[in-house]
*Asks:* 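Dropping the structure in here first, questions after.
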Amino acid sequence: MYRLKPEIFNLDYTLDCGQVFRWEKSGDWWTGVVGDHVIRLSQEEDSGDLLIDSQLPPEFFSYYFRLDDNLPSIYESINKDLLINRAINKYSGLRLIRQNPWECLISYMLATASSIPTIQKRIYLLSRFFGQELEEGYFSFPDPGTLAEADLSLLDKCKLGFRTERIKEAAREVASDELDLNVLYRLEYRYARERLMRLRGIGEKVADCVLLFAFEKMEAFPVDTHVRQIIQHYHIDDSYFETCTNMSCMGEWGRKYFGYYCGYAQQYLFYQKRLEGFVSLY
DNA sequence: GACCAGGCGTACA
DNA sequence: TGTACGCATGGT
């Protein structure tokens, strides 16, 4: 167990905001599986210190929680109106996480048209049936080869619904190197996006989530049902929106409106909407 | 029992 | 090019 002193960091917001699905809070402590490690984390209320119960070094957590991001500078760049201003003040310290690309890809593929608790359950079941047990009750995320060859009757137990075949196919592509996740890092946002969207089950929203949360593409702006409702509700009389009704257009709008760090803006708006609905700005 | 959830693919106009 | 609908599943 050791301590880390992060600048402007809120552990609860970061793990609860809906970007990751494998962390659970019990009392003051969060427990989660990252790679082959079961990690326990807590944050001291007064000092803001991060208490870390893990074999992994501090450098890992600086990387994982993007402590290298200059949040004040990011806030300044995305602070375009009262709504986002409220969100970045209220949820200050929420940081995006650098997720494992493979796990992130599958997680958001099986997130389509599902609530967050349902997504968490599916990922747990996948890990339980196809991952390795790390300690009692905690399992690693299954690797591509295992899912590619997964028995369909066992896969059905994970309750993936119509997503089952898509997951298997994606796993096969990654396992066979037909899709090399490493090259996506080096591609520009728009090309990486096009490549991901060639997979069945990945449209603009899922691609943007994966690019933002796992491939360092900060300019991704995922438009899900919450973000669509926010845009329709608050920007309804913006002239730009008289011709902007579909999700694709809303994504374009978000990128132009918030600039390079629109991905951060999106996550703050998403979290605020989930917890508070349509907030009053007066 | 209808409706929605971090949507996508397809058919049809 | 744009819209309507089906697709499994779980929670309200």
Side-chain angles (χ1 to χ4, degrees), chain A residues 13-23 87 91 94 96-97 99-101 103-126 128-129 150 152-171 173 179 193-215 217-218 220-233 241-255 258 262-278:
Chain A
Y13 297 155
T14 298
L15 294 180
D16 183 54
C17 71
Q19 56 178 329
V20 282
F21 303 107
R22 302 203 72 197
W23 286 92
Y91 300 105
L94 188 168
L96 295 183
I97 287 175
Q99 300 188 37
N100 172 271
E103 178 173 337
C104 186
L105 175 73
I106 297 302
S107 296
Y108 280 92
M109 285 185 76
L110 53 80
T112 60
S114 309
S115 65
I116 288 176
T118 301
I119 301 163
Q120 292 169 327
K121 182 182 167 189
R122 290 190 185 128
I123 293 172
Y124 169 76
L125 289 171
L126 267 183
R128 182 180 155 189
F129 289 131
L152 270 183
S153 62
L154 193 51
L155 208 48
D156 280 340
K157 291 194 193 316
C158 301
K159 305 294 180 187
L160 309 183
F162 58 81
R163 307 158 192 84
T164 304
E165 287 299 329
R166 302 170 175 180
I167 297 298
K168 260 201 104 162
E169 178 60 18
E173 278 207 33
L179 172 59
R193 195 172 190 252
E194 285 176 11
R195 177 61 188 92
L196 280 177
M197 287 175 64
R198 278 164 49 195
L199 287 168
R200 295 179 65 80
I202 299 194
E204 298 186 11
K205 188 270 172 182
V206 172
D208 275 343
C209 282
V210 177
L211 292 170
L212 177 62
F213 298 137
F215 286 98
K217 307 296 189 255
M218 309 312 289
F221 189 82
V223 181
D224 76 315
T225 173
H226 291 293
V227 173
R228 176 180 56 76
Q229 289 174 39
I230 291 168
I231 292 174
Q232 288 173 336
H233 188 266
F241 276 96
E242 289 174 11
T243 56
C244 181
T245 54
N246 62 54
M247 310 287 245
S248 179
C249 183
M250 291 182 185
E252 281 301 310
W253 172 80
R255 277 183 278 286
F258 291 110
C262 62
Y264 256 101
Q266 182 275 163
Q267 195 56 33
Y268 277 79
L269 294 176
F270 173 84
Y271 192 37
Q272 178 171 256
K273 164 68 167 60
R274 251 188 68 222
L275 289 190
E276 304 184 72
F278 299 119

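Below, chains carry the letters A, B, ... as their sequence lines are ordered, and counting in each starts from 1.
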*Asks:* Mind calculating the distance between CZ (A/R163) and C1' (B/dG7) to the nearest angstrom?
*Replies:*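 So the two atoms are 9 Å apart, to the nearest Å.
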*Asks:* So if I take residues 199-214 of chain A and measure heavy-atom distances to DNA chain C, which residues fall below 4.0 Å?
*Replies:*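 Residues of residues 199-214 of chain A that come under 4.0 Å of DNA chain C do not exist, since none gets that close.
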*Asks:* State which residues pass ring pair (Phe, Tyr, Trp, His ring centres under 6.0 Å) with A/F278; sequence neighbours excluded, sorted by chain then number.
*Replies:*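 Testing A/F278 for ring pair (Phe, Tyr, Trp, His ring centres under 6.0 Å), a comparison that skips the adjacent residues, returns A/H233.
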*Asks:* Under the side-chain contact (heavy atoms from CB on, under 4.5 Å) rule, collect the residues that match up with A/E276, sequence neighbours excluded.
*Replies:*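 side-chain contact (heavy atoms from CB on, under 4.5 Å) list for A/E276, sorted by chain: A/R86, A/K90, A/Y91, A/Q272, A/V279.
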*Asks:* Once salt bridge (Lys or Arg N to Asp or Glu O under 4.0 Å) is applied, what residue pairs with a partner in residues 155-164 of chain A remain, sequence neighbours excluded?
*Replies:*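 Every candidate salt bridge (Lys or Arg N to Asp or Glu O under 4.0 Å) pair involving residues 155-164 of chain A fails, so no pair, neighbours aside, qualifies.
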*Asks:* Between C/dA4 and B/dC3, how far is it from one P atom to the other, in whole Å?
*Replies:*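 To the nearest whole Å, 15 Å.
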*Asks:* Measure the distance from CZ on A/F162 to P on C/dC5 and round it to the nearest whole Å.
*Replies:*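 Spelled out: CZ on A/F162 to P on C/dC5 is 17 Å.
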*Asks:* Verify the contact: side-chain N or O of A/Q120 to OP1 or OP2 of C/dT9, cut-off strictly under 4.0 Å; return yes or no.
*Replies:*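 No, outside the criterion.
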*Asks:* Can you name the salt bridge (charged side-chain N to carboxylate O under 4.0 Å, His left out) partners of A/R200, sequence neighbours left out?
*Replies:*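 Partners of A/R200 under the salt bridge (charged side-chain N to carboxylate O under 4.0 Å, His left out) test: none.
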*Asks:* May I ask you to test the A/L96-A/Q267 pair for a side-chain heavy-atom distance under 4.5 Å?
*Replies:*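 They are in side-chain contact.
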*Asks:* How long is the line joining CZ of A/R122 and P of C/dT9, in whole Å?
*Replies:*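 The answer, rounded to whole Å, is 9 Å.
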*Asks:* Sticking with atom P, work out how far B/dG9 lies from C/dG10, rounded to a whole angstrom.
*Replies:*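 Each nucleotide's P atom is 23 Å from the other's.
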*Asks:* Measure the distance from CD on A/Q229 to C1' on B/dC3 and round it to the nearest whole Å.
*Replies:*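 For the pair A/Q229 CD and B/dC3 C1', the rounded distance is 13 Å.
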*Asks:* Check the distance between B/dC8's C1' and A/Y108's OH and give it to me in whole angstrom.
*Replies:*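 Rounded to the whole Å, the gap is 17 Å.
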*Asks:* In chain order, what residues pass the salt bridge (charged side-chain N to carboxylate O under 4.0 Å, His left out) check against A/R22, with sequence neighbours excluded?
*Replies:*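 In terms of salt bridge (charged side-chain N to carboxylate O under 4.0 Å, His left out), with neighbours along the sequence ignored, A/R22 is linked to no residue.
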*Asks:* List in chain and number order the residues that pass side-chain contact (heavy atoms from CB on, under 4.5 Å) with A/K121, two or more places apart in sequence or in another chain; answer none if no residue qualifies.
*Replies:*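 side-chain contact (heavy atoms from CB on, under 4.5 Å) list for A/K121, sorted by chain: A/L125.
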*Asks:* What's touching nucleotides 11-13 of chain B from the protein side, N or O pairs under 3.5 Å?
*Replies:*
none

*Asks:* Out of A/R198, A/R195, A/K168, which one pairs with A/E173 under the salt bridge (Lys or Arg N to Asp or Glu O under 4.0 Å) rule?
*Replies:*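 Only one option passes, and that is A/R195.
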*Asks:* Expressed as a whole number of angstroms, how long is the span from A/L160:CG to B/dA5:P?
*Replies:*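 Taking CG of A/L160 and P of B/dA5, I get 21 Å after rounding.
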*Asks:* So which nucleotide from B/dG7, C/dT9, B/dA5 ends up closest to the side chain of A/R166?
*Replies:*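 Per side-chain heavy atoms of A/R166, the pick is B/dG7.
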*Asks:* Select from A/M197 and A/C17 the residue whose nearest nucleotide in DNA chain B is closer to the 5' end of that strand.
*Replies:*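 Closer to the 5' end of DNA chain B: A/C17.
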*Asks:* Take atom P in C/dC5 and the same atom in B/dA2, then report the distance between them in whole Å.
*Replies:*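 Each nucleotide's P atom is 15 Å from the other's.
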*Asks:* Please state how far atom CE in A/M109 lies from atom C1' in C/dA8, giving the value in whole angstrom units.
*Replies:*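 Rounded to whole Å, this separation is 15 Å.
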*Asks:* Looking across every strand, which nucleic acid part, if any, lies under 4.0 Å from A/A111 by heavy atom: base, sugar-phosphate, or nothing?
*Replies:*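 The answer is sugar-phosphate, as A/A111 gets under 4.0 Å only of primed atoms, P, OP1 or OP2.
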*Asks:* Is a side-chain donor or acceptor of A/Q19 paired with a backbone partner of A/T14 at a separation under 3.5 angstrom?
*Replies:*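 At least one qualifying donor-acceptor pair exists.
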*Asks:* Could you tell me how far apart A/I167 (CD1) and C/dT9 (C1') are, to the nearest whole angstrom?
*Replies:*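 Between C1' of C/dT9 and CD1 of A/I167: 14 Å.
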*Asks:* With sequence neighbours left out, write down each residue that passes ring pair (Phe, Tyr, Trp, His ring centres under 6.0 Å) with A/F213, or none if nothing qualifies.
*Replies:*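 Result, ring pair (Phe, Tyr, Trp, His ring centres under 6.0 Å) vs A/F213: A/Y108.
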*Asks:* Please enumerate all residues that pass side-chain contact (heavy atoms from CB on, under 4.5 Å) together with A/D16, with sequence neighbours excluded.
*Replies:*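 Partners of A/D16 by the side-chain contact (heavy atoms from CB on, under 4.5 Å) criterion, ordered by chain and then number, come out as A/W30, A/Y271.
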*Asks:* Under the rule for side-chain contact (heavy atoms from CB on, under 4.5 Å), what residues qualify as partners of A/E204, not counting sequence neighbours?
*Replies:*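 Listed in chain order: A/R193, A/M197, A/S248.
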*Asks:* Please classify the nucleic acid contact of A/E165 as base, sugar-phosphate, or nothing, using heavy-atom distances under 4.0 Å.
*Replies:*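 No contact at all - A/E165 keeps every heavy atom at 4.0 Å or more from the nucleic acid.
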*Asks:* Identify the pairs formed between an N or O of the protein and an N or O of nucleotides 10-12 of chain C at a distance under 3.5 Å, and give each distance.
*Replies:*
none

